[in-house]
*Asks:* 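Let me begin by handing over the structure; questions about it come next.
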Amino acid sequence: MGTDAGLIAEVIVDVPAKATDRPYDYRIPTELFTEVQIGSRVKVPFGPQKRIGYVVNIKERPAAGRLKSIQEVMDFAPPLTPELVQLGFFMANEYLCRTITALQSMIPAVLKGTYQKIVRLHPEAGRKEETLLSLSAKSLLVHLREQGECAWEDALRFAGVDASLLRQLSEEKWVVLEERVGDRVTKQKVIFVRPKKPEELANAAASLSARAVRQKEVLRFFEKRPREIALPDLLSELGVARSTVKTLVEAGFLEWEERELYRDPFAHRQFERTAPLPLTPEQYQAFASIVAPIRERCFRSILLHGVTGSGKTEIYLQAIAEVMQQGREAIVLVPEISLTPQMVDRFKSRFGDLVAVLHSGLSGGERYDEWRKIRLGKVKVAIGARSAIFAPFQNVGLIIIDEEHESSYKQEENPKYHARDVALWRAQHHGAALVLGSATPAVETVVSAQQGWHEWVQLKERVKGRPFPQMEIVDMREELRKGNRTMFSERLKEELLSCVNRGEQAVLFLNRRGFSTFVMCRECGEALVCPHCDISLTYHQTNRTVRCHYCGFAQRMPGACPHCQSKHIRHFGTGTQRVEEELARRFPGLRVIRMDVDTTSRKGAHERLLNAFGSGKADVLLGTQMIAKGLDFPQVTLVGVIAADSMLHLPDFRAAERTFQLLTQVSGRAGRHEKPGRVIIQTYSADHYSIERAVEHDSDGFYRQESIIRKQHGYPPFYGLFTLLLSHPDRVSLMRQGQEMARFLGKNLPKRTRLLGPVPAPIPRLKDRYRLQMLIKYPPLDEVTAEKCKICLRELEMRIDDGDLRFSIDRDGIVWERSFHENGHS
DNA sequence: AGCACGCCGACT
DNA sequence: GTCGGCGTGCTC
């Protein structure tokens with residue numbers, strides 16, 4: 001400790017509290033001079049404790065008098081680059097979150113959770129006299145004898161156990177306090193399977209009993225492809241059980257071997273190298289617009305507005321090749337849901353092992369490995385979901401956001417960033433090209449393109465001149481009048497039948513899972529509501545339960561109304577399970593695959609179901625949201641949307657936009673290959689513009705109309721929006737504090753703003769917490785006012801003294817044209 | 001967020 | 001008298 005000369009590091013400490021959200025100065029010991037860099041993760045003494053922090057600046061003179069020293073540098077290479085540190089400050093300001101929270105969101109989880117603190121029984125503890133210990137200490141020891149060990153946090157849950165007691169017990173050798181590091185082992189054991197005698201596979205198959213269907217399937221697979229394959233891949237590819245393979249190994253037809261290898265999710269897969277495909281004139285023009293800023297090495301953003309099937313991916317691939325030729329790197333963001341093996345394969349096939357893939361299916365350690373390849377410059381392309389925008393490259397030339405309108409680019413937890421905003425910041429920082437690709441861009445993106453902030457490139461043709469599917473609206477009010485009270489219109493039934501009779505496939509889309517949407521008593525009119533959330537419960541037929549889709553609450557379907565004991569309690573509305581049942585009744589023999597959260601929650605189920613459908617094992621694919629995008633099956637010639645208005649009436653200013661996007665995206669699933677496609681849209685709101693414009697393939701018309709409405713109602717992108725959400729376990733306290741906060745805001749918000757609320761949030765109670773919402777609107781393009789709002793909101797947050805009150809702020813309609821670099825961080 | 005310090009009630 | 005409850009305030 002001392003004040004003498006030397007280098008000083010500014011450190012953001014790993015304490016996500018408002019009081020500690022600022023850099024602290026530490027002396028850098030001479031022996032660490034070369035190791036400590038901006039972005040380094042370090043251990044520092046902080047008050048009476050030792051904590052982790054990130055170096056955000058290095059300077060010569062300290063701000064405070066007495067300085068402590070950095071104790072340790074934790075990694076070989078700093079996990080953050082100076083650019084990402086700067087970005088952290090930007091995000092903290094922009095999204096009103098703690099700097100440490102922003103920085104932590106940029107690195108893989110294994111680096112932040114760093115270690116779990118564990119309390120273990122000391123080996124000597126068994127032989128010691130316990131009588132002198134306090135009651136709480138004894139009860140903890142009893143627990144440890146049973147469990148062996150427990151997490152530090154759990155130990156503290158014992159009455160009377162606190163940190164000082166634990167430390168004392170550790171000094172007296174009753175327990176061991178241990179810091180356990182996360183799984184950062186880079187080796188993995190994988191079993192490989194191969195045929196023993198490839199030439200005898202046919203004979204082997206013949207020798208099996210007729211009942212060994214699965215075994216024969218495996219042998220036939222190897223006949224076609226007599227190479228070795230990793231066991232997990234074999235299982236997921238064929239959907240067979242491990243035991244099936246084991247039987248074949250024991251019978252001597254196959255052999256397997258366990259090998260230790262460096263974890264690489266794709267190492268054992270073979271990729272056919274692909275060459276660039278020739279581009280159509282339209283595609284070439286788009287390619288040229290992207291490549292121009294890359295060659296000039298200056299920032300530019302491009303909205304690539306291309307109809308479904310217009311070949312955007314090939315353009316991305318060729319633009320990336322250009323970037324790599326310059327020795328720069330590319331980041332590709334795709335929505336998690338479309339980060340399918342097919343998608344990844346396309347990139348891997350073109351660029352081989354120069355690609356790192358970051359998706360949620362990876363284990364913590366695998367993710368860390370991929371991330372490290374980026375950090376160490378071993379790869380040139382990073383492809384992944386939202387958080388891949390933080391890929392620690394140093395020389396980015398191109399950032400691509402595919403399906404840029406997707407709501408999954410917005411993070412729902414703190415920091416509540418939008419990957420699009422972060423991408424813009426990084427692209428500006430690097431002088432890179434930013435490509436926003438979509439068939440149905442977000443309204444704000446279209447508007448800012450119209451205002452000239454993005455180059456707007458349209459792709460209006462599908463590759464190989466395939467026609468757009470014919471789209472048809474069926475007005476369900478009309479059906480009702482004709483006496484058809486089922487969920488299928490006559491048109492849909494007709495088309496479904498003829499589609500299946502031609503031997504082709506259909507996709508049916510319904511945005512609600514479960515069997516019915518709500519359960520109501522016909523006697524008293526009360527609906528069943530989740531006891532924790534104030535949301536109607538959904539009936540699930542398979543196990544006769546009612547479930548809350550928000551918190552997971554489930555109970556048996558009651559036999560009588562809990563309010564009036566009447567037996568006349570019934571479910572209403574339509575979910576995927578009910579459609580499935582109805583299909584089975586009306587079309588006996590029809591083979592249906594249902595895909596929703598309930599059928600795809602098991603690992604690999606998603607892929608297996610899609611593979612089954614793709615290989616013709618079903619006539620109909622019935623599903624929710626998750627089947628809307630990215631699917632490409634040549635045999636699909638009919639798409640049916642069972643209730644197009646299911647999301648139209650939600651209390652969300654983006655409801656119309658979402659409906660238009662959804663209809664356009666699902667319609668893109670039909671007739672992508674040689675056979676022409678047809679789309680049937682059932683709705684009770686047949687004349688709504690979002691549905692009409694989608695059916696007419698008139699996106700310009702939709703954006704025009706939607707812009708007018710957004711402007712009229714004062715919504716983004718024509719107004720800026722802060723959405724405040726307050727939640728509290730007690731309704732009365734919440735109401736009172738909501739009123740107080742509104743009064744404070746009313747007094748302190750800058751001029752030119754409007755405060756709306758507080759009103760109950762769209763979900764008024766969630767997981768036993770009541771919720772209130774407030775909106776602050778401010779004029780467009782007015783970043784001065786936005787900045788003043790942020791100051792006011794920070795002050796508001798400082799005034800909260802109720803530990804039970806949770807307060808979160810969402811931002812919308814951030815203005816695009818302002819140069820982020822002139823703002824915020826120092 | 002932790003953790004120490006400090007100030008009041010109920011126990012040997 | 002002291003053990004232990006949790007309010008208050010600080011962390012380079």
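Here is how names work: the chains are called A, B, and so on, in the same order as the sequence lines, proteins then strands, and each is numbered from 1.
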*Asks:* Identify whether the distance between the nearest side-chain nitrogen and carboxylate oxygen of A:E797 and A:R98 falls below 4.0 Å.
*Replies:* yes
*Asks:* Rounded off to whole Å, could you give me the NZ-to-C1' distance for the A:K50 and B:dC3 pair?
*Replies:* 17 Å
*Asks:* Give the rounded distance in Å between these two atoms: CG of A:N414 and P of B:dA1.
*Replies:* 12 Å
*Asks:* Expressed in angstrom and rounded to an integer, what is the separation of A:R51 atom CZ from C:dC12 atom P?
*Replies:* 12 Å
*Asks:* Can a side-chain donor-acceptor contact be found between A:Y95 and A:D421 if the only test is distance below 3.5 angstrom?
*Replies:* yes
*Asks:* Using whole Å, what does the distance between atom P of nucleotide B:dA1 and atom CD1 of A:I800 come to?
*Replies:*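 Between P of B:dA1 and CD1 of A:I800: 12 Å.
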*Asks:* Sorted by first residue and then second, give each salt bridge (Lys or Arg N to Asp or Glu O under 4.0 Å) pair with at least one member in residues 726-737 of chain A; sequence neighbours left out.
*Replies:*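 The answer is A:R736-A:E740.
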*Asks:* Filter on salt bridge (Lys or Arg N to Asp or Glu O under 4.0 Å), then keep only pairs touching residues 768-777 of chain A, sequence neighbours left out; what's left?
*Replies:* A:R765-A:D768
*Asks:* Thinking salt bridges, do A:D812 and A:R654 make one under a 4.0 Å N-O criterion?
*Replies:* yes
*Asks:* Step through it carefully: locate the ring centre of A:F46, locate the ring centre of A:Y24, and say whether they are under 6.0 Å apart.
*Replies:*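 Ring-ring flag for A:F46/A:Y24: true, centres closer than 6.0 Å.
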*Asks:* Could you list all N or O pairs between the protein and nucleotides 9-11 of chain C that sit under 3.5 Å apart?
*Replies:*
unit_1	atom_1	unit_2	atom_2	d
C:dT11	O3'	A:G47	N	2.8

